[in-house]
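Here the structure is laid out as structure tokens; the discussion comes afterwards.
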Amino acid sequence: MSEVSSSPLLKIISSCISSSSDQQITFAQYMEMCLYYPEYGYYNSRAIAIGSQGDFFTSASISEDFGELLAKKIKQCWDDLGQPDNFQVVEMGAGEGVLAKIILDYLMQKYPQLNDNLTYLIIEKSQQLKEKQVKMLDDKQYKIKWKEWQDIKNESIVGCFISNELMDALAVHRVIKKNDSLQEIYVTMENGLLTEKYDQLSTLAIERYFQENNVDLTHELYPENYYTEVNLNAVKIIENIGKKLQKGYVITIDYGYDAQKYYHPQRYQGTLKCYYQHRHHNNPYANVGIQDITSHVNFTSLEMAGQNVGLNKIEFLPQALFLMGLGLGDRLNALSNGKMSLNQIWRKRSQLHELINPQGLGGFGVLIQGKNV
Ligand SMILES: C[S@@+](CC[C@H](N)C(=O)[O-])C[C@H]1O[C@@H](n2cnc3c(N)ncnc32)[C@H](O)[C@@H]1O
């Protein structure tokens with residue numbers, strides 16, 4: 001547990017705890033501050049860097065193939081919608097803007113007609129990353145705009161909402177089974193140290209979430225002290241998409257499972273993980289504001305939330321199959337056409353394999369939902 005030392009963020013968290021009515025904040029509030037507090041939260045600080053130099057990498061930072069294949073999927077969506085002339089792609093949580101750049105460059109080069117009819121919108125929570133995106137994506141060259149949810153009119157989007165590793169980066173509530181009932185994990189201070197405390201659920205939405213997902217953690221199958229996470233922010237994002245989308249698709253790529261696997265009785269310590277300089281560990285109270293904290297995604301909750309707002313599940317498949325279906329296999333075969341040096345072939349082959357490795361990125365889930373399609 002971390003001590004309130006010279007860290008400005010720890011001081012802020014500590015004063016937030018002491019000014020709250022029960023001298024405690026939910027884990028979700030704590031995680032939100034660690035990740036997104038202006039200037040000091042991990043994603044808003046100078047510490048944030050994605051890729052080989054950062055604390056973690058994503059498919060987008062491995063090679064351009066991921067973004068190009070996703071661009072092909074976007075082209076399919078445009079075709080399926082009858083090639084509308086006001087097609088919008090909304091990327092949520094765009095990191096450093098790498099994926100957006102690859103998609104836009106590819107569409108411009110390969111599908112100029114779609115490119116003429118396309119506007120690319122980014123919804124980004126981190127000011128620090130937004131600045132990096134603006135630098136990466138010159139809006140004179142690209143038809144791109146940055147938006148807040150409230151700037152987008154209801155039922156105005158005809159197109160696609162896409163996200164890669166957004167949902168795993170949202171603050172989650174944590175719950176624990178105690179004496180056959182469900183309690184919530186709160187964060188408090190004891191003797192100057194961040195400490196966990198258990199108390200009643202902070203919101204009825206957690207109960208509703210478990211009912212909708214058909215999961216009962218108080219059942220005897222679940223051991224005492226079983227703890228796990230509840231991602232209500234992911235549900236809110238799907239609800240927002242449901243409001244803004246008039247017609248089109250939602251493509252969510254992330255690591256996670258369906259509810260039955262996620263809340264399996266054997267997964268008794270949840271999925272929360274922290275990343276610091278490419279190493280992972282389980283202590284969210286260490287390296288406050290300078291480490292990433294993530295949890296796996298419960299895809300069933302996205303499906304259920306979607307159904308309530310008119311988004312129907314079209315497909316849920318592993319990233320490996322999703323990319324193979326879009327031509328990743330052809331890209332592997334084409335490596336032997338003799339145009340690259342052996343070194344280049346080796347590098348590209350490793351990158352493509354990494355994107356489909358079932359033990360790694362290839363095992364990520366891709367959920368595709370549709371509204372009025
Ligand atoms: C793990 S990074 C993934 C970045 C990028 N998509 C990639 O694949 O490299 C998560 C991103 O989601 C952003 N984010 C988190 N919560 C968000 C929210 N509610 N709305 C929009 N962006 C959000 C973060 O600031 C960050 O840009």
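We count ligands from 1, going down the list as the structure has it; atoms in each ligand are counted the same way.
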Considering only protein heavy atoms, which is closest to [atom], and at what distance to one decimal place?
atom: atom 20 (N) of ligand 1; answer: Lys125 CB, 4.0 Å
atom: atom 15 (C) of ligand 1; answer: Tyr36 OH, 2.9 Å
atom: atom 12 (O) of ligand 1; answer: Gly93 CA, 3.2 Å

> Between Tyr120 and Tyr142, is the ring centre distance below 6.0 Å?
Replying inline: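 No, they do not, as the ring centres are separated by 6.0 Å or more.
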>> Measuring centre to centre across the rings, with the benzene-like ring taken for any Trp, is Tyr30 within less than 6.0 Å of Tyr285?
In response: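 Yes, ring centres under 6.0 Å apart.
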> Given Glu124, Met92, Gln128, Glu91, which has its nearest heavy atom closest to atom 25 (O) of ligand 1?
Replying inline: Glu124
>> Counting only heavy atoms, tell me which of Thr58, Asp254, Ile122, Asp168 gets closest to atom 7 (C) of ligand 1.
In response: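 Selected option, by shortest heavy-atom distance: Thr58.
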>> Is the contact between Asn164 and ligand 1 made by the side chain, the backbone, both, or neither, using heavy atoms and a 4.0 Å cut-off?
In response: both
> So which bit of Leu170 gets within less than 4.0 Å of ligand 1, heavy atoms only: side chain, backbone, both or neither?
Replying inline: side chain
> Does some side-chain heavy atom of Asp292 sit less than 4.5 Å from a side-chain heavy atom of Tyr43?
Replying inline: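 A side-chain contact under 4.5 Å exists here.
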Compute the shortest N/O to N/O distance between [X] and ligand 1 and return yes if it is under 3.5 Å, no if not.
X: Gln133; value: no
X: Ala169; value: no
X: Leu166; value: no
X: Glu165; value: no

> Name the one of His296, Arg267, Glu229 that satisfies side-chain hydrogen bond (donor to acceptor under 3.5 Å, both in side chains) with Tyr262?
Replying inline: Glu229
> So among Glu91, Lys101, Glu124, which one has a side-chain hydrogen bond (donor to acceptor under 3.5 Å, both in side chains) with Gln133?
Replying inline: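 It is Glu124; the other options fail the test.
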>> Using a strict threshold of under 4.0 Å (side-chain N to carboxylate O), is an ion pair present between Lys130 and Glu148?
In response: yes
Can I get a per-line list of side-chain donor-acceptor pairs under 3.5 Å for residues 246-254, giving both atom names and the distance, sequence neighbours left out?
unit_1 : atom_1 : unit_2 : atom_2 : d
Gln246 : NE2    : Glu155 : O      : 3.1
Asp254 : OD2    : Leu166 : N      : 3.4
Asp254 : OD2    : Met167 : N      : 3.1
Asp254 : OD2    : Asp168 : N      : 3.1

> So which residues get pulled into Tyr186's cluster when ILVMFWY side chains under 4.5 Å apart are joined, directly or through others?
Replying inline: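 When side chains under 4.5 Å apart are linked, Tyr186 ends up in no cluster with other residues.
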Ligand-residue contact atoms, ligand 1 with [X], heavy atoms, under 4.0 Å:
X: Ile123; answer: 21 (C), 22 (N)
X: Leu129; answer: 25 (O), 26 (C), 27 (O)
X: Ser126; answer: 25 (O)

>> Test of understanding: clusters of I, L, V, M, F, W, Y form through side-chain heavy atoms closer than 4.5 Å, transitively. Do Tyr37 and Val172 belong to the same one?
In response: yes
